[in-house]
Amino acid sequence: MAGVLLGWYDRHARVLPWRAPPGRRMDPYRVWLSEIMLQQTTVATVGPYFQEFTRRWPTVTDLAAAELDDVLRAWAGLGYYARARNLHRCARVVATELGGSFPEDEAGLRQLPGIGAYTAAAVAAIAFDQPAAALDGNVERVLARIYAVADPLPQAKPALQALAAGLVPDQRPGDYTQALFDLGATICTPRKPRCMLCPWAQWCEARSLSIQEELPAKAAKAAKPLRRGVAFFVTDGTGSILLRRRAETGLLGGMMEVPSTGWGAEVPDLDAALAQAPVQAAWRLLPGIVRHTFTHFELELSVLAGRVPAAVPVPDGTWVAPDRLGGEALPTVMAKVVRHGLAHAT
DNA sequence: CAAGCGTGGAC
DNA sequence: TGTCCAAGCTT
């Protein structure tokens with residue numbers, strides 16, 4: 001089966017910025033960087049970020065020498081911000097403790113910050129052509145169908161991992177791994193798989209049972225609770241906007257925010273909200289609400305606008321001119337709040 | 001070890 | 001509008 005897939009890959013491999021042509025190997029730094037960026041993130045989204053990171057930091061040593069804040073700024077908008085902090089930590093370990101070279105085996109890679117079971121196997125296979133079984137969402141879907149594994153994920157994951165390990169060939173395991181990704185991304189898609197084009201169709205149990213679109217089964221997801229809060233859009237006499245750095249860990253850790261009340265189930269009343277205001281001002285409630293969906297809750301923010309005569313100092317705060325917002329470590333939800341404030345308060 | 005952790009696009 | 005999902009990791 002592996003040989004057939006490799007033959008298909010030789011003819012149909014996707015061309016991607018972090019990928020070498022079939023039969024070649026890519027720089028391990030770029031393989032690693034792309035794998036971190038691609039965690040739970042689409043190829044289309046990652047593209048521009050990968051280009052910018054490799055332009056600014058062509059080697060892992062360059063990335064290690066960067067300031068964490070510059071890395072966070074460059075990562076802004078990509079989400080799952082712990083990845084950026086772990087990326088930077090990992091680069092420093094590789095640069096200072098490993099002489100600038102990544103470990104070539106799965107176990108060594110697995111020790112590094114931000115590298116879990118999947119990424120260790122993927123980098124070992126793709127960058128170093130080791131026969132490691134990388135099990136991601138694509139491979140889970142392909143194998144669940146090929147072997148008609150009906151047990152729901154994530155319970156079925158250990159069984160799929162064993163099946164994956166049994167398929168990895170000794171010849172060209174790196175290309176095989178990438179071929180499996182391409183198969184999942186272009187043929188064995190979540191909806192309406194293109195079985196007529198699949199090089200593995202003759203071995204697919206799910207297809208023979210006509211249940212390919214029902215697999216893989218997944219456990220039901222919990223409903224997302226609604227949280228609400230009030231954000232404070234503050235400008236000074238020059239039009240600069242008050243931003244504040246969030247705590248290093250947890251949600252949006254280390255990123256910048258528009259100061260706000262806590263986010264809870266209840267809408268804070270005006271007095272409770274104002275008690276949490278970062279400065280004293282004559283507040284005006286802006287029309288509309290900023291909505292944002294996170295992984296595990298939905299958020300609705302009302303926005304109070306205030307103006308202060310001069311850029312007074314605020315704990316963890318920074319005053320940023322509107323034309324320099326693009327360079328800040330602003331997560332998307334906060335960029336939405338700023339946009340709302342600029343549209344209604346200025 | 002279940003829960004916490006972002007975002008944008010497809011349908 | 002809602003729902004799913006995309007090359008998962010950490011605690």
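Each chain gets a letter, A, B and so on, in the order the sequences are listed, and its residues count up from 1. Remember, predicted model here, so these are calculated numbers, not experimental data.
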Sequence neighbours left out, cut at 3.5 Å: what donor-acceptor pairs do the side chains of residues 276-283 of chain A make with other protein atoms?
unit_1, atom_1, unit_2, atom_2, d
Q276(A), OE1, G262(A), N, 3.2
W283(A), NE1, A281(A), O, 3.4

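- Screening residues 49-65 of chain A for salt bridge (charged side-chain N to carboxylate O under 4.0 Å, His left out), with sequence neighbours left out, gives E52(A)-R55(A).
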Pairs under 3.5 angstrom, nitrogen or oxygen only, protein versus nucleotides 3-7 of chain B, please.
unit_1, atom_1, unit_2, atom_2, d
dC5(B), OP1, L251(A), N, 3.3
dC5(B), OP2, H296(A), NE2, 2.2
dG6(B), OP1, Y81(A), N, 2.8
dG6(B), OP2, L252(A), N, 2.5
dG6(B), O4', Y80(A), N, 3.0
dG6(B), N7, Y80(A), OH, 3.3
dG6(B), N7, T295(A), OG1, 2.6
dG6(B), O6, Y80(A), OH, 3.1
dG6(B), N1, Q40(A), O, 2.9
dG6(B), N2, Q40(A), O, 3.2
dG6(B), N2, T41(A), OG1, 2.9
dT7(B), OP1, Y81(A), OH, 2.9
dT7(B), OP1, T332(A), N, 2.6
dT7(B), OP2, H292(A), NE2, 2.6
dT7(B), O3', T332(A), OG1, 3.3

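- Judged as a salt bridge (charged side-chain N to carboxylate O under 4.0 Å, His left out), the pairs with a partner in residues 176-203 of chain A (not counting sequence neighbours) are, in order, R19(A)-D182(A).
- Here, dT11(C) and dG6(B) have their P atoms 14 Å apart, quoted to the whole Å.
- Here A117(A) lies in heavy-atom contact (under 4.0 Å) with sugar-phosphate atoms only.
- With M37(A) as reference, V46(A) is the one residue of T45(A), L87(A), V46(A) to meet the side chain to side chain contact (heavy atoms under 4.5 Å, CB included) rule.
- Atom NZ of K221(A) and atom P of dG2(C) are 16 Å apart (whole Å).
- From W18(A), atom CH2 reaches atom CZ of R30(A) across 12.0 Å, with rounding to the nearest 0.5 Å.
- Within the 3.5 Å criterion, the main-chain N or O of E300(A) finds no donor-acceptor partner in the side chain of R227(A).
- Taking a 4.0 Å limit (strictly below) on heavy-atom distances, residues 158-196 of chain A reaches DNA chain C at F181(A), P190(A).
- Looking at heavy-atom distances under 4.0 Å, I36(A) makes no contact with the nucleic acid at all.
- Only the C1' atoms considered, dG8(C) is 15 Å distant from dC1(B), to the nearest whole Å.
- The CG-P distance, from D136(A) to dA6(C), rounds to 9 Å in whole Å.
- Between R141(A) and the phosphate of dA6(C), there is a side-chain N or O to OP1/OP2 separation shorter than 4.0 Å.
- The distance from atom CG of L153(A) to atom P of dA2(B) is 14 Å, rounded to the nearest whole Å.
- In this structure R83(A) satisfies the side-chain hydrogen bond (donor to acceptor under 3.5 Å, both in side chains) test together with T41(A), sequence neighbours excluded.
- A heavy atom closer than 4.0 Å to some atom of DNA chain C occurs in L16(A), W18(A), R19(A), E35(A), these being the qualifying members of residues 16-35 of chain A.
- Within residues 118-126 of chain A, the residues having any heavy atom closer than 4.0 Å to DNA chain C are, in order of number, Y118(A), T119(A).
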Listing, residues 308-332 of chain A side-chain donor-acceptor contacts under 3.5 Å, not counting sequence neighbours, or none:
unit_1, atom_1, unit_2, atom_2, d
W319(A), NE1, V312(A), O, 2.7
E328(A), OE2, R73(A), NH1, 3.4

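- The distance between atom CD of Q111(A) and atom P of dC9(C), rounded to the nearest whole Å, is 14 Å.
- A donor and an acceptor atom, one from each side chain of Q171(A) and Y176(A), are nowhere located under 3.5 Å apart.
- Atom CH2 of residue W57(A) and atom CG of residue D70(A) lie 6.0 Å apart, to the nearest 0.5 angstrom.
- Remark: P48(A) engages no residue in a side chain to side chain contact (heavy atoms under 4.5 Å, CB included) (not counting sequence neighbours).
- Judged as a ring-ring contact (aromatic ring centres under 6.0 Å, His included), and not counting sequence neighbours, the contacts of F297(A) are F294(A).
- Between the NZ atom of K218(A) and the P atom of dG8(C) there is a distance of 10 Å, rounded to whole Å.
- Results of the salt bridge (charged side-chain N to carboxylate O under 4.0 Å, His left out) test with E257(A) over K336(A), R244(A), R245(A) single out R244(A) as the only residue that passes.
- Remark: R141(A) pairs with no residue by the salt bridge (charged side-chain N to carboxylate O under 4.0 Å, His left out) rule, at least two apart or across chains.
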